[in-house]
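Counting convention: from 1, in listed order, for ligands and their atoms alike.
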Amino acid sequence: MIIAIDGPAGAGKGTLARRLAAEFGLAYLDTGALYRAVGVAVLDAGGDPADAATSERAARTLDLGLLDSPRLRTEAAGDAASKVAAIPEVRAALLDFQRAFAANPPSPCTGAVLDGRDVGTVVCPAADLKLFVTASAEERARRRTLELRGKGFDAIQERVLADMLARDERDRERKVAPLAPANDAVVLDTTDMDADMVFDQAVTLVRKKTIADL
Ligand code: C5P
């Protein structure tokens, strides 16, 4: 079972993906963390995330140990991530790792949940279930601000909203693997839903899919 979850920043993809993975015994890959790690590696080396050669090198030599670092969660890391993510060579360098994870999830899992921007369209186009999780920009900024404050960062909601809108636009407008729902994705607008409601709807969709495949 492979579940692909895509959507814009702050829509609740990560929370949903983690809970679905736990519920169905699947492995979880936060594909955004890969782009964030590349962005942070470039910034740490004093480079420009928009520079193709520098960012491709960082993607090809990525230290996977960085993926759990709290430093990846800052808005600066998100901003750098969306710049490196627009570079086709960076996307190509990260694609094999993502596909290999989905095809051979870490034991004992026999399936995986991946979340990101192009999981249903590019990384796993044959995923068993594709969800596109979205919400209004204001609600996404509100949630992201609370999350950042919860992690001890000093976040101002207007600033978070502006950063998020700039990042969404870059993600939607880029030429390679832009943010968009796959044709066969189920769109979940979570603006007026809490995390439990989103989870319940997604669980119902997974069960329906599992029964349909029997
Ligand atoms: O999901 P998250 O906010 O951590 O992603 C950070 C950035 O990484 C996104 O804004 C996007 O530019 C990029 N990304 C992507 N493709 C993915 C996952 C993330 O381009 N599959």
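With respect to atom 19 (C) of ligand 1, the closest heavy atom belonging to the protein is Gly32 CA, 3.5 Å. Scanning the protein heavy atoms around atom 1 (O) of ligand 1, the nearest turns out to be Arg117 NH1, 2.8 Å. Counting protein heavy atoms only, atom 21 (N) of ligand 1 is closest to Asp118 OD1, 2.8 Å. Nearest protein heavy-atom neighbour of atom 13 (C) of ligand 1: Ala85 CB, 3.7 Å. Nearest protein heavy-atom neighbour of atom 7 (C) of ligand 1: Ala81 CB, 3.6 Å. When only non-hydrogen protein atoms are considered, atom 8 (O) of ligand 1 lies nearest to Tyr35 CB, 3.5 Å. Of the protein's non-hydrogen atoms, the one nearest atom 4 (O) of ligand 1 is Arg36 NE, 2.5 Å.
Between Arg91 and ligand 1, an N or O atom pair is found at a separation short of 3.5 Å. Between Arg144 and ligand 1, no pair of N/O atoms sits closer than 3.5 Å. For ligand 1, none of its N or O atoms has an N or O atom of Asp30 under 3.5 Å away. Checked by distance only, ligand 1 and Asp171 come closer than 3.5 Å through their nitrogen or oxygen atoms.
Ligand 1 has at least one atom lying under 4.0 Å from a heavy atom of Arg174. Residue-ligand proximity: Arg170 is placed with every non-hydrogen atom at 4.0 Å or more from ligand 1. The closest approach between Arg172 and ligand 1 stays at or above 4.0 Å for every heavy atom of the residue.
Clustering ILVMFWY residues whenever any of their side-chain heavy atoms sit less than 4.5 angstrom apart, transitively, puts Leu20 in the very cluster that holds Val198.
Between Asp171 and Glu169, every side-chain heavy-atom pair lies at or beyond the 4.5 Å cut-off. Side-chain contact between Arg143 and Thr190: present, with at least one pair of heavy atoms (C-beta onward) separated by less than 4.5 Å. Put simply, the side chain of Cys109 does not reach to within 4.5 Å of the side chain of Tyr28, judged on heavy atoms.
Contacts between Ser82 and ligand 1, counted as non-hydrogen atom pairs separated by less than 4.0 Å, involve both the backbone and the side chain. Under 4.0 angstrom from ligand 1, the non-hydrogen atoms of Arg167 all belong to its side chain. Proximity of Arg73 to ligand 1, defined as any heavy-atom pair under 4.0 Å, is confined to the side chain (atoms from C-beta onward).
Under the 4.0 Å criterion applied to side-chain N and carboxylate O atoms, Asp189 and Arg140 are not assigned as salt-bridge partners. For Glu139 and Arg144, the salt-bridge test fails: no basic side-chain N is under 4.0 Å from an acidic carboxylate O. A salt bridge links Asp44 with Arg71; the closest basic N to acidic carboxylate O contact falls under 4.0 Å.
Each of Val123, Val84, Leu34 was compared with Leu94 under the side-chain contact (heavy atoms from CB on, under 4.5 Å) criterion, and only Leu34 meets it.
A donor-acceptor contact shorter than 3.5 Å links the side chain of Lys130 to the backbone of Pro125.
Because its NZ or CZ atom is both nearer than 6.0 Å to the ring centre of Phe199 and within 45° of the ring axis, Arg19 counts as a cation-pi partner of that residue.
With ligand atoms numbered from 1 in the order given, ligand 1 contributes 17 (C), 18 (C), 21 (N) to contacts under 4.0 Å with heavy atoms of Thr31.
Other residues, nucleotides and ligands contribute at most 12 non-hydrogen atoms within 6.0 Å of the CG atom of Asn183.
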